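Every chain is numbered from 1 and lettered A, B, ... according to where its sequence line falls, protein lines coming before strand lines. This is a predicted model, so every value here is computed, not measured.
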There are 2 protein chains.
Amino acid sequence: MAEQQRGDTGALPKSTLADVARLAGVSIATASKALNKKTHVREETRRRVEEAASSLDFTPNFFAKALNSTRTNTIGMITSDLDNRFVLPILLGAEDAFGSGSLSVLLADARDDVLREQLLVQTLLTRRVDGLLIVGRTTNSRPPATVPGDVPVVYVYAPSDDDTDTSFTPDNVMAGRLAAERLLKAGRTRIALVNGEASYAAARDRAEGVAQAMEEARIPLVGGKSLFGQWGEGWGRDCARLLASAHSDLDGIVAGSDHIARGVIDALREEGRRVPDDVSVVGFDNWDILVRESRPPLTSVDMNLDDLGRSAAQALVDAIDGRPRTGRHVEPVRLVVRES
Amino acid sequence: MAEQQRGDTGALPKSTLADVARLAGVSIATASKALNKKTHVREETRRRVEEAASSLDFTPNFFAKALNSTRTNTIGMITSDLDNRFVLPILLGAEDAFGSGSLSVLLADARDDVLREQLLVQTLLTRRVDGLLIVGRTTNSRPPATVPGDVPVVYVYAPSDDDTDTSFTPDNVMAGRLAAERLLKAGRTRIALVNGEASYAAARDRAEGVAQAMEEARIPLVGGKSLFGQWGEGWGRDCARLLASAHSDLDGIVAGSDHIARGVIDALREEGRRVPDDVSVVGFDNWDILVRESRPPLTSVDMNLDDLGRSAAQALVDAIDGRPRTGRHVEPVRLVVRES
DNA sequence: GTTCCTACCGAAACCGCTTTCGGTTTTGAT
DNA sequence: ATCAAAACCGAAAGCGGTTTCGGTAGGAAC
């Protein structure tokens with residue numbers, strides 16, 4: 001009998017702070033303080049207010065709150081991720097970085113278009129987001145977005161050109177090292193690098209890491225250097241076939257991506273080379289659908305995107321709280337050993 | 001000289017409607033009306049106000065606006081999509097369904113957990129979203145979320161159990177038909193269906209569609225019925241191998257997914273059957289990375305997720321505008337012919 | 001019995017905008 | 001020139017909270 005159904009629309013009663021105050025027999029001001037654990041309110045009064053609030057299942061009006069007080073507990077996330085691989089891990093990271101339920105994420109897709117991105121920044125700022133997470137499509141660095149004012153921005157995956165910005169990007173050099181070292185430790189000495197497109201920083205960085213590891217081991221790369229090509233399976237196949245026929249002693253291949261690795265493995269098998277007995281293969285990305293079902297299952301370097309997202313989100317939270325952690329953060333990756 | 005830099009924080013000047021009104025020499029009320037193209041305001045007055053507004057680059061305070069007026073131009077999107085395939089297409093659809101920039105999407109991940117989903121619904125309602133888009137992980141139908149009040153909800157991919165809700169789901173029966181018909185039209189008569197897990201509505205529906213097409217053609221399925229298994233390449237390989245050795249006249253395979261199809265194709269090739277010369281193969285999902293680089297490139301049924309998302313988003317917009325389109329909408333899919 | 005603190009509480013201003021409603025001009029017709 | 005109707009405009013009342021600041025009551029100190 002306490003609550004009245006309002007019509008038959010099932011609309012929620014929407015009690016306001018005034019209702020709570022009235023029910024608790026205090027002023028609105030006191031009710032507000034009581035619920036916000038602020039200034040001294042007698043313990044008993046607070047209890048009364050809280051009871052009143054919960055009995056009316058009072059939910060403070062988000063917008064009224066936001067009207068006074070700069071924080072909105074909302075962050076904006078602008079993505080340009082085409083194949084859809086980063087958004088959710090990063091979202092999860094962000095959600096975890098806050099207490100559950102407290103923070104919300106406004107997601108928008110820039111479609112890899114600078115103008116559109118700029119527009120989205122505006123829109124999000126209008127909605128008074130506390131901070132911005134800008135997710136790139138590649139690890140190539142990019143011009144910083146122009147974000148007026150003091151809104152913190154964290155770049156993820158694609159770092160900002162400006163090193164005084166805050167960026168989080170996976171350590172592709174380390175990835176290259178891990179891949180090469182894996183093969184070296186397994187005693188392989190005739191190792192080739194079938195890489196992706198040279199226009200990608202990821203490809204170049206991985207090449208760099210591989211080169212470092214090989215130099216330290218004083219073993220030259222088969223073919224002398226990174227073999228840049230395309231990202232697809234086709235390139236992996238073609239290149240592996242050439243390598244196999246040119247170098248009968250080939251015993252290891254670092255592939256620039258899992259995709260390429262799939263091609264490499266298939267070609268090797270068809271050329272009569274056993275994987276991993278004759279030639280061992282390592283890929284990058286640890287992309288589930290590619291890695292798990294290849295024959296044999298592919299050893300791959302996982303770029304730890306979840307952690308990357310979480311770290312970035314955490315950094316954004318910190319920045320919002322006034323503890324900025326500027327600079328380009330290059331996050332560690334990890335090798336996932338499978339049978340290849 | 002008009003704008004003053006406020007300190008060196010670079011904080012934006014944040015002009016308010018009052019500033020605009022003052023500059024234009026009108027009252028706040030008039031300024032408001034002028035900018036909102038509402039009641040009659042003299043054309044010249046409107047101009048003055050608009051000039052003032054743009055010279056101060058006035059942006060209305062989102063929260064103040066939201067405080068009076070139920071609409072917030074924000075929708076909530078709750079996903080449980082694990083492999084990350086639907087979120088962006090649907091997001092794009094939603095963004096397109098509105099004028100660009102006008103609407104924002106609050107994204108949250110339910111992690112396939114009913115309790116968490118319920119929590120998120122609450123959180124989003126607190127933020128007064130105009131509507132809710134609930135994206136499932138499979139096409140299996142699901143119990144409706146309990147959304148108090150009159151907030152419109154549209155289910156995407158996974159339809160609600162309750163047919164008076166609004167759901168959008170791809171037409172997997174049609175998909176099955178298209179796949180089978182493609183093979184039949186190519187003159188194939190010894191066709192098998194290597195399907196995914198029977199616990200998935202998608203698998204069962206596709207089987208249903210294939211069965212319909214075969215019946216109409218009065219041609220039985222090799223093996224007599226859908227061969228349910230798992231979704232992976234491994235199952236595709238194993239099953240294709242068995243089929244190939246048991247049925248030398250086999251000339252067509254419908255695979256339950258592109259993933260399975262990849263396995264099927266690889267196995268067939270290794271069994272010495274040429275694709276498509278000896279056996280033609282069709283997959284489902286048209287998942288770029290799987291389809292394009294298989295040998296030969298795979299003919300596949302595209303589930304039109306972009307359109308699905310767009311339609312769902314549009315329906316949500318309509319519902320918000322008071323034109324609900326309840327029911328389970330089964331959206332068409334399309335065949336993408338490649339070489340297999 | 002004053003005086004002075006202290007701890008609580010509440011009136012009222014305010015955040016920035018929308019909207020109602022009454023007052024003032026303009027306009028148009030007579 | 002006169003007057004009603006139409007067109008504009010602005011004061012003020014919200015929307016639902018937070019926050020300042022002054023008022024009270026009760027107790028300790030004198």
Assign each of B/Glu43 and A/Leu17 the nucleotide of DNA chain D bearing its closest heavy atom; nearer the 5' end lies the nucleotide of B/Glu43

Mapping B/Thr45 and A/Phe58 onto DNA chain D by nearest heavy atom, which one lands closer to the 5' end? B/Thr45

Could you state the atom-to-atom distance from [atom1] of [X] to [atom2] of [N] in whole Å?
| X | N | atom1 | atom2 | answer |
| --- | --- | --- | --- | --- |
| A/Arg47 | C/dC9 | CZ | C1' | 17 Å |
| A/Phe63 | D/dG17 | CZ | P | 13 Å |
| B/Ile28 | D/dG14 | CD1 | P | 17 Å |
| B/Arg48 | D/dC9 | CZ | C1' | 11 Å |
| A/Asn36 | D/dT20 | CG | P | 13 Å |
| A/Leu56 | D/dG17 | CG | C1' | 16 Å |
| A/Glu44 | C/dA7 | CD | P | 18 Å |
| A/Arg42 | D/dG27 | CZ | P | 11 Å |

May I ask you to test the B/Val153-B/Thr166 pair for a side-chain heavy-atom distance under 4.5 Å? no

Taking only N and O in the side chain of [X], is any of them less than 4.0 Å away from OP1 or OP2 of [N]?
| X | N | answer |
| --- | --- | --- |
| B/Ser32 | C/dT19 | no |
| B/Asn61 | C/dC15 | no |
| B/Ser27 | D/dG10 | yes |

Got a donor-acceptor contact below 3.5 angstrom from the B/Ser54 side chain to the B/Asp57 backbone? no

Are any side-chain N or O atoms of B/Thr126 and backbone N or O atoms of B/Gln122, one a donor and one an acceptor, separated by less than 3.5 Å? yes

Run B/Asp165 and B/Ser167 through side chain to side chain donor-acceptor pair (under 3.5 Å) and show every step you take. CA-CA 6 Å; B/Asp165 287 337; B/Ser167 305; over 6 Å; no

Ignoring hydrogens and angles, answer whether the base of C/dG10 and the side-chain atoms of A/Lys33 contain a donor-acceptor pair closer than 3.5 Å. yes

Do the side-chain N and O atoms of B/Thr79 and B/Asp109 include a donor-acceptor pair separated by under 3.5 angstrom? no

Does either side chain, that of A/Thr72 or that of A/Arg127, offer a donor lying less than 3.5 Å from an acceptor on the other one? no

Students often get this wrong, so: under 4.0 angstrom with heavy atoms, is A/Thr30 touching a base, only sugar-phosphate, or nothing? base

May I ask you to list the residues of residues 64-72 of chain A, by number, that have any heavy atom positioned under 4.0 Å from an atom of DNA chain D? A/Ala64, A/Lys65, A/Leu67, A/Asn68

Would you please classify the geometry between the B/Phe63 ring and the A/Phe62 ring as parallel, tilted or perpendicular, with 30° and 60° separating the classes? perpendicular

